[in-house]
Amino acid sequence: MSEEKFKVKYGKNLEDIKAKTPTVLLPVSLGESSLVLLDIVVSQLEEQSAMNRAHIGYKLVVVIIDESDFDNTGIDIKENVQKLKEVLGTELLDKLDIKFKIVKSESYVTSNRLQKIFLTHDFKSFSVKSENDLDIDLKTILLQTLDKSTREDLLNIVRKETILRTAIAENCSVVLFGHSMSKLADDILSLAVKGRGSEISDNLTDGIIEYEQTDLHILHPLRDILFSEIKEYSKLSGLSELALNVFEGATVKKSIKNKTINELIKDYFRSVEVEYPEVISTVVKIGSKMAHPPTQDDFQIKNCILCNNAIYNDPKHWLEQITVHGGAPLESEEERANLEAYLASVKDKKSDSLLHESDKVVPLCYGCIVNLGTTGQSGFIWPTKRPSKQEILDEYVLTDDEEED
């Protein structure tokens with residue numbers, strides 16, 4: 001964050017100075033990494049203010065996503081945010097004009113955007129408007145699948161979209177993520193395992209992304225710091241007492257079969273971090289070099305209806321190629337009868353019978369096809385339409401008085 005945009009601006013034209021002063025969004029999960037980054041950024045702004053007659057180089061907006069409606073932890077987010085403000089210094093935060101914004105994850109679910117997504121046995125996907133589920137909440141949506149890894153993956157989609165929408169609503173041009181090197185390594189491997197490798201370059205590297213016709217500069221200032229180092233800083237600064245460790249840190253002891261993909265990978269990296277830190281740095285270095293995959297000659301890049309990430313190659317083609325096409329030759333009348341019965345049952349599947357000309361065929365990425373395969377039911381309800389920039393601004397104004405701390 002030593003770039004020119006984060007330094008104090010000088011000049012006689014106040015309007016010109018204001019225009020050049022960026023607004024920075026810092027998502028805080030109340031885990032140790034994000035708390036440490038917040039403490040460092042506040043210290044930087046305090047230093048700028050002391051050395052430049054109360055002038056600072058950028059405005060800071062802190063966003064906390066409130067998931068208390070469905071996480072069953074009993075955590076009072078507003079109470080924890082208030083404690084955080086007291087530790088950092090309420091007067092200092094007011095002096096630096098740092099805004100704290102609490103956004104409920106439920107804001108991601110809007111009834112007029114709910115769709116039922118169907119997946120056929122041959123990986124065709126289509127959607128129909130969900131007329132009878134207008135009052136569905138995020139908890140009910142997540143409980144459509146019993147697979148914990150799928151549920152966590154869907155929740156990460158909600159978190160990412162909520163953060164980016166808040167950046168648009170607050171007119172932010174920069175988003176700071178508090179991911180440590182250890183956390184980045186966790187995410188790189190977990191994305192690869194889930195079939196989301198093409199998202200690594202956009203989600204975990206620094207650079208400019210476009211979101212609803214707005215350029216956002218994504219930065220990970222702690223990308224060279226191990227989580228074990230962050231824990232020590234957190235202890236010394238007194239932040240460890242505030243940390244909830246909801247998304248990172250030591251995981252609760254439980255059997256392997258009850259752990260998600262992220263938890264398994266996290267446990268592995270925590271076990272090697274102290275003695276073999278080069279393992280983690282190597283994974284992050286390789287991940288930072290990844291680029292978007294090449295596309296097929298006749299394939300047009302689309303966005304997944306569920307996670308909204310770009311699809312560079314047809315996942316249906318990939319899924320068909322990794323399966324065995326030819327079966328053993330039929331040798332008896334009984335085997336032929338069994339084959340005919342199987343083909344008839346596949347043909348009569350409910351998802352196929354629901355596909356009409358009026359239904360909308362929608363694109364799904366490989367990762368979301370895998371996720372839908374774990375739901376075990378016909379029709380997955382999800383808010384498929386991303387709101388426009390103007391809709392984000394309008395909805396934000398309506399909920400601002402309720403959710404702003």
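Quick caveat: nothing in here was measured; it's all calculated off a predicted structure. Numbering of residues begins at 1 and proceeds along the displayed sequence.
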Chemist: Would Glu273 and Ser182 count as a side chain to side chain donor-acceptor pair (under 3.5 Å) here? Give the steps.
Modeler: CA-CA 8 Å; Glu273 180 172 314; Ser182 309; 2.8 Å; yes
Chemist: If you measure only the distance, is there a donor-acceptor pair under 3.5 Å linking the side chains of Gln390 and Asp394?
Modeler: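 Side-chain D/A pair, Gln390 to Asp394: present.
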Chemist: Donor-acceptor check, side chain of Asp39 to backbone of Leu35, threshold 3.5 angstrom: yes or no?
Modeler: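 Not at all, since once roles are kept as given, no pair shorter than 3.5 Å links the two residues.
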Chemist: Working to the nearest 0.5 Å, report the span between OG of Ser107 and CD of Glu161.
Modeler: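 Interatomic distance, Ser107 OG to Glu161 CD, rounded to 0.5 Å: 11.0 Å.
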Chemist: If you look only at pairs with a residue in residues 1-45, which of them pass as a ring-ring contact (aromatic ring centres under 6.0 Å, His included), with sequence neighbours excluded?
Modeler: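 Sorted pair list: Phe6-Tyr58.
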Chemist: More than 12 foreign heavy atoms under 6.0 Å from CD of Glu275: is that the case here?
Modeler: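 Open: at most 12 neighbouring heavy atoms sit under 6.0 Å from CD of Glu275.
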Chemist: Looking at Asn52 and His55, would you say the former's side chain and the latter's main chain have a donor-acceptor pair under 3.5 Å?
Modeler: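 No: the side chain of Asn52 does not pair with the backbone of His55.
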Chemist: Is any side-chain N of the basic residue among Glu91 and Lys95 closer than 4.0 Å to the acidic one's carboxylate O?
Modeler: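 Salt bridge flag = no for Lys95 with Glu91.
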Chemist: Using a distance-only test with no angle check, is there a side-chain donor-acceptor pair under 3.5 angstrom linking Thr205 and Ser288?
Modeler: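 Side chains of Thr205 and Ser288: no pair found under 3.5 Å.
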Chemist: Does the side chain of His220 come under 3.5 Å of the side chain of Lys183 through a donor N or O and an acceptor N or O?
Modeler: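 Looking only at side-chain atoms, Lys183 and His220 do not form any donor-acceptor pair under 3.5 Å.
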Chemist: Going by atom types only, do Ser240 and Glu32 share a side-chain donor-acceptor pair under 3.5 Å?
Modeler: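 The criterion, which ignores hydrogens and geometry beyond distance, is not satisfied for Glu32 and Ser240.
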Chemist: Have a look at Asp153 and tell me which of Lys148, Lys194, Arg159 forms a salt bridge (charged side-chain N to carboxylate O under 4.0 Å, His left out) with it.
Modeler: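 Of the listed residues Lys148, Lys194, Arg159, the salt bridge (charged side-chain N to carboxylate O under 4.0 Å, His left out) partner of Asp153 is Lys194.
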Chemist: Could you go step by step and tell me if His217 and Lys5 meet the side chain to side chain donor-acceptor pair (under 3.5 Å) rule?
Modeler: CA-CA 11 Å; His217 189 185; Lys5 69 167 70 177; 3.0 Å; yes
Chemist: Would you confirm whether Thr166, through its side chain, and Thr162, through its main-chain N or O, come within 3.5 Å as a donor-acceptor pair?
Modeler: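 It does hold such a pair.
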Chemist: Is it true that a side-chain atom of Asn313 and a backbone atom of Pro294 form a donor plus acceptor pair closer than 3.5 Å?
Modeler: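 Side chain of Asn313 to backbone of Pro294: a pair is present.
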Chemist: Under the ring-ring contact (aromatic ring centres under 6.0 Å, His included) rule, what pairs show up with a residue in residues 274-294, not counting sequence neighbours?
Modeler: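 Those involving residues 274-294 are His292-Tyr312.
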Chemist: Do the charged groups of Glu170 and Lys99 touch, with an N to O distance under 4.0 Å?
Modeler: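 The answer is yes: the pair qualifies as a salt bridge.
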Chemist: Flag the pair Arg196 and Glu199 as a salt bridge only when some basic side-chain nitrogen lies within less than 4.0 angstrom of an acidic carboxylate oxygen.
Modeler: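 A salt bridge links Arg196 with Glu199.
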Chemist: Check the surroundings of atom CD in Glu278: do more than 12 heavy atoms from other residues, nucleotides or ligands lie under 6.0 Å from it?
Modeler: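 Result for CD/Glu278: enclosed.
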Chemist: Is it true that atom CD of Glu47 has more than 12 heavy atoms of other residues, nucleotides or ligands lying nearer than 6.0 Å?
Modeler: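 Not more than 12 within 6.0 Å, no.
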Chemist: Would you please say whether a donor-acceptor pair under 3.5 Å links the side chains of Ser68 and Asp66?
Modeler: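 The answer is yes; a qualifying pair exists.
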Chemist: Between Glu232 and Lys235, is there a salt bridge with N-O shorter than 4.0 Å?
Modeler: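 Salt bridge flag = yes for Glu232 with Lys235.
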Chemist: Which distance, rounded to the nearest 0.5 Å, do you find between the CG of Asn171 and the OG1 of Thr23?
Modeler: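 Answer rounded to 0.5 Å: 6.0 Å.
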Chemist: Does either side chain, that of Lys389 or that of Thr214, offer a donor lying less than 3.5 Å from an acceptor on the other one?
Modeler: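 Lys389 vs Thr214: donor-acceptor pair found between side chains.
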Chemist: Check the pair Phe380, Asn371 against side-chain contact (heavy atoms from CB on, under 4.5 Å), reporting the backbone distance first and the verdict last.
Modeler: CA-CA 10 Å; Phe380 182 78; Asn371 283 342; over 6 Å; no
Chemist: Any Lys/Arg nitrogen of Glu391 or Arg386 sitting under 4.0 Å from an Asp/Glu carboxylate oxygen of the other?
Modeler: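 No salt bridge links Glu391 with Arg386.
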Chemist: For the atom pair CD (Gln82) and CZ (Phe100), what is the distance rounded to the nearest 0.5 Å?
Modeler: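 Separation between the atoms: 9.5 Å.
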